[in-house]
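Source: prediction; values computed, not measured.
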Amino acid sequence: MNPIASPVATSWILRYLWLIPALPIFAAGVSALLPKAKRRLSATLAIGSMSGSLVLSLAALVHAIAEPARQIVNFPWMQFGAQWVSLGWLLDPLAAVMLVMVTFVGLLIFIYSLGYMAHDDNFTRFFCFLSLFAGAMLGVVIANSLLLLFMCWEVVGLTSYLLIGFWFQRPAAAAAAVKAFIVTRVGDLGLLLGMVWLYAQTGTLLFYNNGAGCLESSAVAAMGAHFTAAGMAVSTAIGLLIFCGAVGKSGQVPLHVWLPDAMEGPTPVSALIHAATMVAAGVYLMARVYPLLDHTTLAVIAWVGAITAVFAACIAVAQNDIKRILAYSTVSQLGYMMLGLGVGGVAVGIFHLITHAFFKSLLFLGAGSVIHGCTEEQDIRNMGGLRRFMPITFVTYAAAMLALCGFPLFAGFWSKDAILEHAHAWGLSLGPYYLGAIGALLTAFYMTRQMYYVFFGPQRVAEAAPIESPRPPEQCIILHPHESPSVMTIPLIILAVFAVFLGFVGTPAWPWFQSFLSATPLAFSMHAFMEPGLIALMLYSSLLVFAGLLLGWWFYGRKAITRATDPDALGRRIPAVFGALAHRLYVDEFYKYTVIALARFASAFSAFLDRFIFGGVVNLVSWIVTGLGWFDSGVDRFVVNGGFDLGCREVNFGGRLIASLQNGRVQTYLRVIAGALVIFAALLLWGRRG
């Protein structure tokens with residue numbers, strides 16, 4: 001069979017789109033071969049490759065704006081039997097905006113890492129892993145094949161393991177890396193099953209192939225017309241299995257437990273994972289396979305997202321590690337993205353993904369700046385008053401905090417309100433809307449709490465190490481906080497500009513982003529704010545934000561926090577609830593005593609079966625075969641060989657006896673004859689007498 005023909009690429013950027021992920025991957029390969037001393041060369045390769053990918057991504061975005069129609073390049077990869085497996089890449093508005101976001105935010109994080117990792121002994125290895133991570137994510141974005149996407153998806157998982165456990169000499173980092181790898185593999189198992197089922201139904205894993213792709217209308221309609229034994233449409237079942245992969249990668253309940261522990265990696269890794277790459281991959285996957293998703297699947301996505309948004313926000317209220325607060329914030333915002341996909345479609349969910357990437361990367365890099373300026377301290381109770389020592393970090397962090405809270409006119413305001421608007425208009429239930437509103441209130445509250453602990457009040461000295469502090473009291477004293485170097489603060493300033501103004505590309509009056517992704521005509525109209533209920537919803541959303549800010553000030557701003565050992569203001573009022581939230585609602589403990597305990601029991605039971613049942617049967621058979629061998633050996637040695645040897649000896653004896661008679665001497669023959677005659681005569685005489 002001839003290879004599958006690929007359409008001729010008419011644009012140079014489409015032909016060379018593969019270079020966008022290939023450049024960082026090439027840089028990673030070269031860095032892997034460099035000695036540790038080649039720090040400058042490794043960083044130059046990483047930053048240079050990301051710069052090149054950013055230029056190509058911008059060219060791809062410009063091309064997609066001019067030609068918004070989807071364009072693909074497919075090529076045969078491997079043949080088995082009479083069939084070819086094809087791979088390919090695509091360029092459409094969704095891929096274009098994701099490429100620009102990943103390369104731009106990634107480049108700023110790479111530059112920031114120059115300062116943050118300057119004194120690390122494994123600087124070269126860090127940039128090698130970072131480049132491979134970015135390249136794999138870019139491969140996920142351009143893939144026109146679920147198989148190619150899955151390959152890059154798994155490389156993303158591998159590099160996350162390597163980066164989370166980068167400081168592997170720390171037991172907590174090593175454990176966090178293993179936890180992230182295993183938990184995400186649970187979700188990936190569902191994705192793999194969905195992928196196999198999709199191939200069985202459509203005969204291809206190409207998303208688009210001139211009408212023959214697995215996401216095109218004919219294939220989707222055929223799957224929707226078939227039902228499983230449980231009465232569920234095949235397309236629904238496959239969509240839910242693929243969603244399992246997104247649940248794992250994007251930290252949705254109940255597979256969210258790996259994401260907060262990922263904070264054990266260096267802060268630039270946290271920023272890259274939580275903003276531009278790994279966690280965004282799950283949301284992007286569901287946006288890419290959106291044509292496959294029916295109302296049932298979208299409803300599941302919406303509810304899971306809404307529950308995740310509130311669940312993680314509640315836990316963030318009681319955390320004291322500056323990065324862990326942001327980690328649970330990421331889980332919550334990923335829930336918002338899934339909610340947006342479920343109730344509003346691709347443009348709504350991806351709009352929040354893009355704005356979130358900028359202000360969340362700014363928050364993590366700002367947290368890294370705080371940690372860097374506070375001698376590696378991460379407990380917010382041991383900080384305080386840092387706005388006087390770190391003014392640039394404070395201003396940029398405040399901008400990102402307001403964007404995350406959805407403060408009016410900041411980037412997060414427009415994307416979050418779009419989600420709440422569509423959730424309110426969702427015909428199935430208002431439940432996700434109310435959960436999203438509660439999540440917005442909690443977000444403003446816990447971020448205000450963090451701001452007061454870190455940047456306001458007097459500078460605190462730990463008189464005694466707080467309960468959860470990883471360091472002893474003498475190491476918790478921050479004597480000389482200082483601003484970070486310009487190589488770290490300049491990326492903060494750039495990201496802060498986007499955190500403030502990026503949302504204006506998707507306002508109701510000028511919804512450029514939404515119309516670009518959906519390929520609909522764009523028109524500027526202030527009358528869009530006059531849509532029924534829109535102003536009221538925006539007002540309610542803003543009131544929720546102000547209420548959260550006010551509650552945060554009431555608990556933590558009215559009275560300055562003077563000592564690190566002072567009990568939390570909210571914890572004093574509701575200690576039982578606060579304690580449960582501080583322990584992350586005991587989800588990890590629940591898994592420890594259920595799933596992990598069951599796994600250990602199954603492992604021990606399997607070992608018992610292997611050793612004493614299956615192994616016992618094998619040993620018994622071995623003993624029987626060995627016994628038969630010994631019996632056969634005895635029969636062979638003492639019966640067969642013994643009888644044969646005895647017969648041989650008798651024949652030999654007879655031969656020797658006869659040979660002694662046949663010695664050629666006449667005298668001997670005469671004696672024998674004489675003896676024989678005597679015996680014969682005696683027998684005759686004996687016979688006559690008888």
Side-chain angles (χ1 to χ4, degrees), residues 4 6 70 72-90 92 94-95 139-157 184-250 252 255 281-301 304 338 341-342 345-346:
I4 300 172
S6 299
R70 182 184 302 109
I72 60 174
V73 172
N74 296 328
F75 58 91
W77 176 55
M78 183 177 65
Q79 184 180 18
F80 60 96
Q83 292 184 320
W84 281 86
V85 175
S86 294
L87 304 178
W89 61 82
L90 59 78
D92 62 0
L94 175 60
V140 168
V141 172
I142 70 168
N144 185 41
S145 164
L146 188 56
L147 178 59
L148 178 59
L149 187 149
F150 186 74
M151 294 176 187
C152 297
W153 179 279
E154 291 304 312
V155 176
V156 168
T184 53
R185 293 292 78 71
V186 173
D188 290 353
L189 177 61
L191 173 57
L192 178 61
L193 293 175
M195 185 171 67
V196 173
W197 197 352
L198 182 63
Y199 182 81
Q201 289 291 318
T202 63
T204 182
L205 289 176
L206 290 172
F207 293 140
Y208 300 98
N209 188 26
N210 299 322
C214 63
L215 296 184
E216 299 188 71
S217 56
S218 58
V220 174
M223 286 185 285
H226 291 81
F227 295 88
T228 66
M232 181 186 299
V234 170
S235 58
T236 302
I238 294 174
L240 291 175
L241 286 172
I242 294 175
F243 180 57
C244 290
V247 167
K249 267 294 191 289
S250 292
Q252 301 295 287
L255 298 182
V283 180
Y284 175 79
L285 171 65
M286 302 316 296
R288 177 54 68 197
V289 302
Y290 196 83
L292 181 65
L293 310 179
D294 60 10
H295 294 296
T296 302
T297 309
L298 291 174
V300 172
I301 293 173
V304 170
M338 291 297 185
L341 286 175
V346 173

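- Without hydrogens or angle criteria, Asn144 side chain to Val73 main chain gives no donor-acceptor distance under 3.5 Å.
- The two residues Trp84 and Trp77 have their closest heavy-atom pair at CE3-N, 4.3 Å.
- Identified under the side-chain hydrogen bond (donor to acceptor under 3.5 Å, both in side chains) test for residues 219-232, with sequence neighbours left out: none.
- Shown here are the side chain to side chain contact (heavy atoms under 4.5 Å, CB included) partners of Ala246, two or more places apart in sequence or in another chain: Phe243, Met286, Met338.
- Within the structure, no pair that satisfies the salt bridge (charged side-chain N to carboxylate O under 4.0 Å, His left out) test touches residues 200-213, not counting sequence neighbours.
- Between Leu191 and Lys249, every side-chain heavy-atom pair lies at or beyond the 4.5 Å cut-off.
- For residues 211-230, no residue pair satisfies the salt bridge (charged side-chain N to carboxylate O under 4.0 Å, His left out) rule, not counting sequence neighbours.
- The backbone N or O of Val283 lies less than 3.5 Å from a partner atom in the side chain of Ser250, making a donor-acceptor pair.
- Legend: side-chain hydrogen bond (donor to acceptor under 3.5 Å, both in side chains) pairs involving residues 288-299, not counting sequence neighbours, sorted by first then second residue: Asp92-Arg288, Thr236-Asp294, Tyr284-Arg288, Asp294-Thr297.
- For Leu255, the side chain to side chain contact (heavy atoms under 4.5 Å, CB included) partners two or more places apart in sequence, or in a different chain, are Val183, Val186, Val247.
- Residues meeting the side chain to side chain contact (heavy atoms under 4.5 Å, CB included) test with Thr204, sequence neighbours left out: Thr202, Leu206, Cys214.
- In this structure, the side chain to side chain contact (heavy atoms under 4.5 Å, CB included) partners of Phe227, at least two apart in sequence or on a different chain, are Ala233.
- Separating the CG atom in Leu215 from the CG atom in Leu205 is a distance of 10.0 Å, to the nearest 0.5 Å.
- Between Leu292 and Met223 the shortest side-chain heavy-atom distance falls below 4.5 Å.
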Which donor-acceptor pairs under 3.5 Å do side chains of residues 145-153 form with protein atoms, sequence neighbours excluded?
| unit_1 | atom_1 | unit_2 | atom_2 | d |
| --- | --- | --- | --- | --- |
| Ser145 | OG | Leu147 | N | 3.1 |
| Ser145 | OG | Leu148 | N | 3.4 |
| Trp153 | NE1 | Asp188 | OD1 | 2.8 |

Anything under 3.5 Å between a donor and an acceptor, one on a side chain of residues 192-201, the other on a protein residue two or more places apart or in another chain? List them.
| unit_1 | atom_1 | unit_2 | atom_2 | d |
| --- | --- | --- | --- | --- |
| Tyr199 | OH | Gln83 | OE1 | 3.4 |

